[in-house]
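Okay, structure first, notes after.
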Amino acid sequence: MDLSTQDITYCKGVGTKRADILRKELGVHTALDMLQQYPYKYIDRSRFVYIHEIDNEDTFVQIKGVITEYHTVGVGKSQRLVATFSDGQHTIEIVWFRQIQYLKLQLNKPYLLFGKPSAFNHQYNFVHPELTPWEKVKPEMTSGLEPYYNTTEKMKQAGLNSRGMRAIILNLKDELRQGLPETLGVDLVKAYKLMGRSEAIYTVHFPKDTLSMRQARMRLKFEELFFIQLQLLRQMKKREQNIGYKMPVVGRLFHHFYNDYLPFELTGAQKRVVKEIQNDLRSGGQMNRLLQGDVGSGKTLVALLCALLAADNGFQTCIMAPTEILAQQHYQTVSQMLKEMDVRVALLTGSTTRRQRDLLHQGLRAGQIQILIGTHALLEDEVQFANLGLCIIDEQHRFGVAQRSRLWYKNEYAPHILVMTATPIPRTLAMTVYGDLKVSVIDELPPGRKPVQTLHYTLYRKGDVYRFMEQQIVKGHQVYVVFPLIKESEKLDLQDLQNGFEEICQAFPRYRVSMIHGQMKSLEKDEQMQRFQSGETQILVATTVIEVGVNVPNASVMVIMNAERFGLSQLHQLRGRVGRGAEQSYCVLLTRVELTKDTRQRMDIMVATNDGFRIAEADLQLRGPGDLEGTQQSGLPFDLKIASLATDGKLLELAREAAQTILNDDPQLDKERNRLYKRQLDLLRVTVANWGDIS
Ligand code: ADP
Ligand code: MG
């Protein structure tokens, strides 16, 4: 029987109803799909503990003992049954809240207790543990590792809890023993000392011991990561064949700017990155590059230099920013730097008037405008270029895939694409989410920057923080105060902001305060921003609309209210708004007193480091890749069944190296000996984001 074609409906213990649920909830269609639902954890059932050994709420334990006494407490709905369980030396309480009437407890007869302790009133107890009379304990219940499977509410209702899943998989044990075809080549299995596929899938469900279970998981993780990398790298190789506009000249404009108007010496990292991009632009292939650089690392200047390179070769560039404020800021920066030069720069946003637009369209079509800066307004069909050659997308994660694809149709071939992001992405994630993009990193900040000092206070110290703000303002600096606005449309949050604004106004009667949030009209936003930028107001009360890219070097303090409501990468972005001048800057995180373990860790990391990559790593560890900011909009382009980007970085590198080796010799897997891989890719239909199609 071929497990890969065997319908799950006809597997023992399933049937139509459950099969339906398995298909809907887990995408399980066949017996093999079922066997590829891997356990997410194991509990060692060969170990017994004594009551006095219990010291945490995180691990399941089993104890042999007797019930010495039980009684009910309360009446009606709040009635519960409380029993005392003794292991001969110590006792612990067991509590049942539900279905008490069905419990038949026997005093002083041995039981096997299995469950997770919970802490209550500084003591441990058990709530609804599994209790099995000792004579009914089967050997497999207390031997070896018990696998646990992920389930959903809907599944549980149909009896498909972890136990239920296990029962179905147990029924497939014999068929599994007969073997499954191998998916990795013999040389690979040998080179990486991997367990065979059949044995691995068998062992992962029915482990003999921890060692073999780990080896089995390792093999399955490797396989999973390997095929994703194989697919991504194959796409990258294919894309290298794409025809791209050739930009071989480093010409008049570039040199003129570089020699006469460059406002400061480039950092080593900026120089390196410009070279990398330059190489792509003259290669004849189409560039698809991700530029990562922490906030303040000077990506704008790199973008400008690339635009000048394109212009030198007769091509136009568009620079796309996620918000109107940012687009304007880029426009100001770029026009300012180019003001003595013969380059025409234009701005296009939602608030550009019809008349301006018409002029702009003409200029673009005639090729008179070399650099167009804007928001997503520049994706509109009516925006036509004479010869678009380069698209630079700032803060890419704010743009959807569909939006990006529209850039493709603005010229005969796809333009070169440079995606810039200030959200540092952990290496493992970059290798998977952007695995088919080339990556450049600006890993060096411009000289003379003082690292921002980060302080964490509870709301009780707000008075102290206000005094500190005042000291800084007296010195001539400016201050941001940010309030969390989770969804810009929530009225309640807006009220919070309004209250916060009033409070600040009252606390600082001698200073001027501006306010900015996402619901304002863009004209009003500009006005408020302008007042702060020009120094007319000393304090800017804002929501996270200022998170991305805003640049006011004179602002030296960032106060974040209810910092516990922000994610790590958002906090890091916000902090990046200060520390842009030569003065010492500060970031103050104000939180409630009572914090969850998670929040405390987040605050500690922020205080401990300014390094965006370390923060991104920590974020990945704390929250897992699915929730990581920067990817949450797009999500991971595939489901990982067993590997984890948070913990399997090493294995991922190995898998990528293995895939690379194979493709170096056979880029499209056309050779006979790689047929196995090609077939498997088709079979898996590994759907990874294809940046060539969507950029
Ligand atoms: P980001 O990478 O966050 O977009 P920006 O491009 O806004 O950073 O640059 C941050 C600040 O650093 C700007 O004020 C910019 O003028 C300045 N800057 C950029 N490159 C350099 C450099 N090589 N030396 C000194 N200052 C620089
Ligand atoms: Mg920027």
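Note that this is a predicted model, so its numbers are computed, not measured. Remember, it's 1-based here, ligands and their atoms both numbered in the order they're listed.
Per-residue contacts place Thr267 under 4.0 angstrom from the following atoms of ligand 1 (heavy atoms of the residue considered): 23 (N). Using a 4.0 Å cut-off to heavy atoms of Glu265, the atoms of ligand 1 that qualify are 22 (C), 23 (N), 24 (N).
Looking at Glu444, Arg580, Arg449, it is Arg449 that brings a heavy atom closest to atom 11 (C) of ligand 1. Nearest to atom 20 (N) of ligand 1 by heavy-atom distance, out of Met337, Lys271, Gln270, is Gln270. Considering each of Pro263, Gly298, Gly576, Pro446, the one bringing a non-hydrogen atom nearest atom 9 (O) of ligand 1 is Gly298.
Counting only heavy atoms from C-beta outward, the side chains of Phe257 and Val343 never approach each other to under 4.5 Å.
Ring geometry for Phe315 versus Tyr245: interplanar angle of 30 to 60°, hence tilted.
Under the 3.5 Å distance criterion, the side-chain polar atoms of Asp280 are left unmatched by any main-chain donor or acceptor of Met287.
Around CG of Asp342, the count of heavy atoms belonging to other residues, nucleotides or ligands within 6.0 Å does not exceed 12. Sparse packing is recorded around CZ of Arg510, with 12 or fewer heavy atoms of other residues, nucleotides or ligands lying under 6.0 Å away. By the neighbour-count criterion of 12 heavy atoms within 6.0 Å, atom CZ of Arg252 is sparsely surrounded, having that number or fewer from other residues, nucleotides or ligands.
For the pair Ile442 and Gln270, the tightest heavy-atom approach, listed with the atom from each and the gap, is CD1-CG, 4.4 Å.
Below 3.5 Å of separation, one finds no N or O of Gly293 facing any N or O of ligand 1. Close N/O approach between Gly296 and ligand 1 is found [any backbone or side-chain N/O within under 3.5 Å].
Distances shorter than 4.0 angstrom do not occur between any heavy atom of Met420 and any atom of ligand 1.
Of the heavy atoms in Thr300, both backbone and side-chain atoms come closer than 4.0 Å to ligand 1.
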